[in-house]
Amino acid sequence: MADYLNAYKDQIVLVTGGAGAIGSNLSRALAEAKAKKVIILDDLSASYDWNIPNLPNVLFVKGDITSDVDLKRVFNEKPTYIFHLAAFFANQNSVDYPEKDLLVSQLGTIKLLEYAVIAGDIQRFVYAGSGCAIYGAQAPLPLKEEFVSMHLSTPYQISKMAGELYCNFYYHHYDLPIVKTRFFNSYGPGEVPGQYRNVIPNFVYWAMKGQPLPITGSGKLTRDFTYVDDITDALLLARYYAKAIGEEMNIASRVYKRSF
Ligand SMILES: NC(=O)c1ccc[n+]([C@@H]2O[C@H](COP(=O)([O-])OP(=O)(O)OC[C@H]3O[C@@H](n4cnc5c(N)ncnc54)[C@H](O)[C@@H]3O)[C@@H](O)[C@H]2O)c1
C-alpha cells in the first residue's frame, strides 16, 4: 500500500458529506486503507444510502452539519482527521435557494471548525473548496492559487470562498491544521444525474435513454474535468505533506484552458 494511504491505518476519520459523489469515494479509500473508523456525517439531502461504502469500519451517522446534536454525536467518536465535503451543491441550487446555501455551506462550516477546535488533537482539517468559487469567470490563465476574484456570480461561489476564509481564521487564530483544496468539475462513479448536478452524469443519463444531449448556455463553455479518484488521492495526500498545512491548492487536470 502507498505510504500516503498507510498513514491512515488505525486512525479515526470524520468525512462530512461522505455519502456524496466525492465523499463516498474518499470514505471507501479511507476504509480500505484500514482506518480504524470512518465516520460519515451526511443528511442524505443530495445523496442516497446505497452510495455509502458497506464496510465494517464505516460508521454512518445520518445528520446535519448545522445541528449541534449531530455534531456532538460524531465528535464523541474522537476523530483526529476531518474531511469537510458537505455543502449545498451547487451553483444553480444556490441561486434558487441562497439562504439555504448560506446556512449549510457557511454556518455549517463554521460550526464544524468550532467543534474541531474544541475537540483538540485534530491532525488535519481538509476543506473541500471549489475552483469556480475563487477564480470566477475572469481569472487570468493559467489559474494560480494566489489569484482571488471579487466578481463571483452565485451564492455557492461566495459561500465556498467564505469557507476558505473561515478556514484561514481558524488556522491563524487557533492553529487548526487546515488544508484548503480546490476541486474542478469532478466526474466518476458515485455521482447521480439531476437538475443541479454536473454535466457528465446528466449526459450519461440522456445517452442511456437514447435522448439528445441537452446543451445549455452558449455551447462554448468548457470545464476542467477531474476524475474522482484523482481528487480523493490528492485529498489523502493532505496528511502526508506537512507543508500543505495552511496552504490552498488546485486539484485539477488542466487549469489553464477553462472558461465559464
Ligand atoms: N463535484 C464537483 O465537481 C465539485 C467541484 C468543486 C467543489 N466541490 C465541492 O466538493 C464537495 C463534495 O462535492 P460532491 O460533488 O461530492 O457533492 P455532493 O452533493 O454529491 O455531496 C455533498 C454531500 O453533502 C451532503 N449534505 C448536504 N447538506 C448537508 C448537511 N446540512 N449536513 C450533512 N450533509 C449534507 C449531501 O447529502 C451530499 O451527500 C462539496 O463541498 C462541493 O462544494 C465539488
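Just follow the structure's listing: the first ligand is 1, and inside any ligand the first atom is 1.
In terms of protein heavy atoms, atom 43 (O) of ligand 1 is closest to Y156 OH, 2.6 Å. In terms of protein heavy atoms, atom 20 (O) of ligand 1 is closest to A21 N, 2.8 Å. The shortest contact between atom 32 (N) of ligand 1 and any protein heavy atom is with I65 N, 3.0 Å. For atom 31 (N) of ligand 1, the nearest non-hydrogen atom of the protein is D64 OD1, 2.9 Å.
Separation of atoms OG (S47) and CD (E191) is listed at 11.5 Å; rounding is to 0.5 Å. The SG atom of C167 lies 7.0 Å from the NZ atom of K180; values are rounded to the nearest 0.5 Å.
Of all the atoms in ligand 1, the ones that sit under 4.0 Å from a non-hydrogen atom of K160 are 40 (C), 41 (O), 42 (C), 43 (O). Contact atoms of ligand 1 toward G129: 6 (C), 7 (C) (distance under 4.0 Å to a heavy atom of the residue). The ligand atoms of ligand 1 that sit less than 4.0 angstrom from a heavy atom of V104 are 28 (N), 31 (N). Annotation for ligand 1: atoms under 4.0 Å from non-hydrogen atoms of S186 are 1 (N), 2 (C), 3 (O). Residue S130 has at least one heavy-atom neighbour below 4.0 Å for each of these atoms of ligand 1: 6 (C), 7 (C). Residue A87 approaches ligand 1 through these ligand atoms, each under 4.0 Å from one of its heavy atoms: 24 (O), 27 (C), 28 (N), 40 (C), 41 (O), 43 (O). The contact set between ligand 1 and S47, taken as ligand atoms under 4.0 Å from a residue heavy atom, comprises 37 (O), 38 (C), 39 (O). Atoms of ligand 1 lying under 4.0 Å from at least one heavy atom of A86, given by number and element, are 24 (O), 34 (N), 35 (C).
Checked by atom type, the side-chain pair N250/K144 shows no donor-acceptor distance below 3.5 Å. Under the 3.5 Å distance criterion, with hydrogens and angles disregarded, a donor-acceptor pair is assigned to the side chains of Q92 and D96. Side-chain contact of S67 with D70: a donor-acceptor pair under 3.5 Å is present, judged by distance alone. Side-chain contact check for Q123 and T80: no donor-acceptor pair (N or O, by modelled atom type) lies under 3.5 Å. A side-chain donor from one of S159 and D101 sits under 3.5 Å from a side-chain acceptor of the other. A donor-acceptor contact closer than 3.5 angstrom is absent between the side chains of D175 and Y170.
For a threshold of 3.5 Å applied to N or O pairs, the pair formed by G20 and ligand 1 contains at least one separation below that value. For a threshold of 3.5 Å applied to N or O pairs, the pair formed by L85 and ligand 1 contains at least one separation below that value. Residue A19 has no N or O atom closer than 3.5 Å to an N or O atom of ligand 1. When only interatomic distances are considered, the shortest N/O to N/O separation between I22 and ligand 1 falls below 3.5 Å. In terms of N/O distances under 3.5 Å, ligand 1 is approached by S45. The N/O atoms of T66, backbone and side chain alike, include none that comes under 3.5 Å of an N/O atom in ligand 1.
Within the structure, the closest approach of G131 to ligand 1 does not fall below 4.0 Å when heavy atoms are considered.
Of all the heavy atoms of F88, none lies under 4.0 Å from any atom of ligand 1, so neither backbone nor side chain is involved. With a 4.0 Å heavy-atom cut-off, ligand 1 is reached by the backbone of D42 and by its side chain too. Neither the backbone nor the side chain of H84 comes within contact range of ligand 1; no heavy atom lies under 4.0 Å. By the criterion of a heavy-atom distance under 4.0 Å, the side chain of R197, and not its backbone, is placed next to ligand 1. When non-hydrogen atoms are compared, ligand 1 lies under 4.0 Å from the backbone of F183 as well as from its side chain. In L44, the part holding a heavy atom less than 4.0 Å from any atom of ligand 1 is the backbone.
Here Y156 and F88 keep their ring centres 6.0 angstrom or further from each other.
Using a 4.5 Å heavy-atom threshold, the side chains of D42 and T16 count as separate. The shortest side-chain heavy-atom distance between T181 and E248 does not fall under the 4.5 Å cut-off. Within the 4.5 Å cutoff, no side-chain heavy atoms of F225 are placed close to those of N198. No side-chain heavy atom of N54 sits less than 4.5 Å from a side-chain heavy atom of I52.
Comparing F89, Y196, F83 by heavy-atom distance to atom 44 (C) of ligand 1, the nearest is F89. Of the candidates G17, A46, S105, the one placing a heavy atom closest to atom 24 (O) of ligand 1 is G17. For atom 26 (N) of ligand 1, the candidate residues are D70, N51, D43; the nearest heavy-atom contact is made by D43.
Using cut-offs of 30° and 60° for the angle between ring planes, the H84 and Y127 rings count as tilted. Note on ring orientation: taking the six-membered ring where Trp is involved, the planes of Y240 and Y4 are perpendicular (angle over 60°, cut-offs 30° and 60°).
For F169, the CZ atom sits in a packed shell: over 12 heavy atoms of surrounding residues, nucleotides or ligands are nearer than 6.0 Å.
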